[in-house]
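As the structure is a prediction and not an experimental result, all values here were calculated from the model.
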Amino acid sequence: MLTRARFKLNDELVNRAFSLSESVKLTDSPSAQKARAVYGYAPANAAPAVVQCDTLSSDTWFSGTHLTERADVWASELTDHHAVACTSQQEDNATFAVLMRAAGEHLVDTNRVAVLRTGSDFDRAPPGGSDASTLLNYQSAGGFEPAVMNLYLAGNTLVQEIAGHRSAWRRGVPPR
């Protein structure tokens with residue numbers, strides 16, 4: 001059975017998380033810089049940065065130019081042409097689906113869900129490269145270690161804000 005789901009996060013929380021993390025100094029690595037250099041366009045060849053964007057999730061892992069282009073169209077169509085996918089992943093759709101079920105039982109509040117992702121490799125080949133090489137050699141992109149550290153660096157700003165001001169956040173995103 002094909003299931004199509006679209007999960008919308010709380011805009012106030014997303015915007016606050018972004019404003020807290022957008023100026024965080026992120027890490028990089030020489031191997032990630034080398035892997036990015038073969039892409040002749042931004043943001044593929046740009047240094048790590050905090051961005052606010054849409055992520056596409058699937059239960060089937062995909063890689064390659066044609067599958068990613070298909071996924072980009074699919075994301076746009078599922079959101080009435082509002083979403084522009086900038087990352088792909090598999091985990092968040094399953095996690096959010098479980099949280100939605102728990103919310104239906106009044107066990108969690110999905111307005112408190114934040115999704116922070118980091119990019120560690122590419123979902124399509126660079127110009128002149130092969131999709132097979134991108135698929136099989138994704139670890140050589142050198143981005144995994146910086147991505148893990150950058151997830152902590154950017155995500156910790158929101159965690160520290162909430163933990164340090166728990167009473168203000170008790171009922172949701174507090175006014176600034």
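If you take CG on N156 and OG on S21, they are separated by 11.0 Å, rounding to the nearest 0.5 Å. Separating the CZ atom in R36 from the CZ atom in F122 is a distance of 7.0 Å, to the nearest 0.5 Å. In this structure, L67 CG and D123 CG are separated by 10.0 Å, a value rounded to the nearest 0.5 Å. If you take CG on L158 and CH2 on W169, they are separated by 5.5 Å, rounding to the nearest 0.5 Å. Distance check: T110 OG1 to K8 NZ gives 12.0 Å after rounding to the nearest 0.5 Å.
H165 has its side chain out of reach of R170: every pair of non-hydrogen atoms, C-beta onward, lies at least 4.5 Å apart. At a threshold of 4.5 Å between non-hydrogen side-chain atoms, the residues D28 and Q33 count as touching. Between H82 and S76 there is no side-chain heavy-atom pair separated by less than 4.5 Å. Considering only heavy atoms from C-beta on, V113 stays 4.5 Å or farther from V108 through its side chain. Side chains of L26 and V50 form a contact here, defined as non-hydrogen atoms less than 4.5 Å apart. Residues R117 and V115 form a side-chain contact, since some pair of their non-hydrogen atoms from C-beta on lies under 4.5 Å apart. Side-chain contact between E22 and Q52 is absent, with no heavy atoms from C-beta onward closer than 4.5 Å. The closest side-chain heavy-atom distance from L9 to F96 is below 4.5 Å.
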Side chain to side chain contact (heavy atoms under 4.5 Å, CB included) evaluation trace for V159 with Y152
CA-CA 10 Å; V159 171; Y152 167 77; over 6 Å; no
Evaluate H66 against R124 for side chain to side chain contact (heavy atoms under 4.5 Å, CB included), listing each step before the verdict.
CA-CA 8 Å; H66 296 298; R124 60 193 92 189; over 6 Å; no
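Under the 3.5 Å distance criterion, the side-chain polar atoms of D54 are matched with a main-chain donor or acceptor of V84. Side-chain atoms of Q89 come within 3.5 Å of backbone atoms of E91 as a donor-acceptor pair (strictly under, hydrogens ignored). Put simply, the side chain of T118 gets close to the backbone of A147: a donor and an acceptor are under 3.5 Å apart. The closest donor-acceptor contact from the side chain of T68 to the backbone of T65 lies at 3.5 Å or more, if one exists at all. With N150 contributing its side chain and P146 its backbone, the two residues share a donor-acceptor pair below 3.5 Å. Between the side chain of T134 and the backbone N or O of S130, at least one donor-acceptor pair lies under 3.5 Å.
G40 and N45 make their closest contact through C-ND2, 3.7 Å (heavy atoms, listed as atom of the first residue, atom of the second, distance). Scanning all heavy atoms of the two residues, the minimum distance from R176 to N15 falls at NH2-O, 3.9 Å. Taking both residues in full, the closest heavy atoms of P174 and A168 are given as CB-O, 3.4 Å, listed atom of the first, atom of the second, then distance. Here the shortest heavy-atom pairing between D72 and A85 reads OD1-CB, 3.8 Å. Closest approach of A141 to A35, counting heavy atoms only: O-CB, 3.3 Å. The minimum heavy-atom distance linking S63 with L135 is given by the pair CB-CD1, 3.8 Å.
In this structure, F18 places its CZ atom where more than 12 heavy-atom neighbours from other residues, nucleotides or ligands lie under 6.0 Å away. Open room surrounds NE2 on H106; 12 or fewer heavy atoms of other groups in view lie less than 6.0 Å from it.
Pairs of residues two or more places apart, or lying in two chains, never qualify as side chain to side chain donor-acceptor pair (under 3.5 Å) while including a residue from residues 138-148.
L153 and L20 fall into different hydrophobic clusters, where Ile, Leu, Val, Met, Phe, Trp and Tyr residues are linked whenever their side-chain heavy atoms come under 4.5 Å apart, directly or through other members. Under the 4.5 Å side-chain heavy-atom criterion for grouping Ile, Leu, Val, Met, Phe, Trp and Tyr, F144 is not connected to M149 through any hydrophobic cluster.
Looking only at atom types and distance, the side chain of T55 has a donor-acceptor partner in the side chain of T87 under 3.5 Å away. Remark: the N111 side chain and the E12 side chain contain no N/O donor-acceptor pair separated by less than 3.5 Å.
Judged by the 6.0 Å and 45° rule, R70 forms a cation-pi pair with W74.
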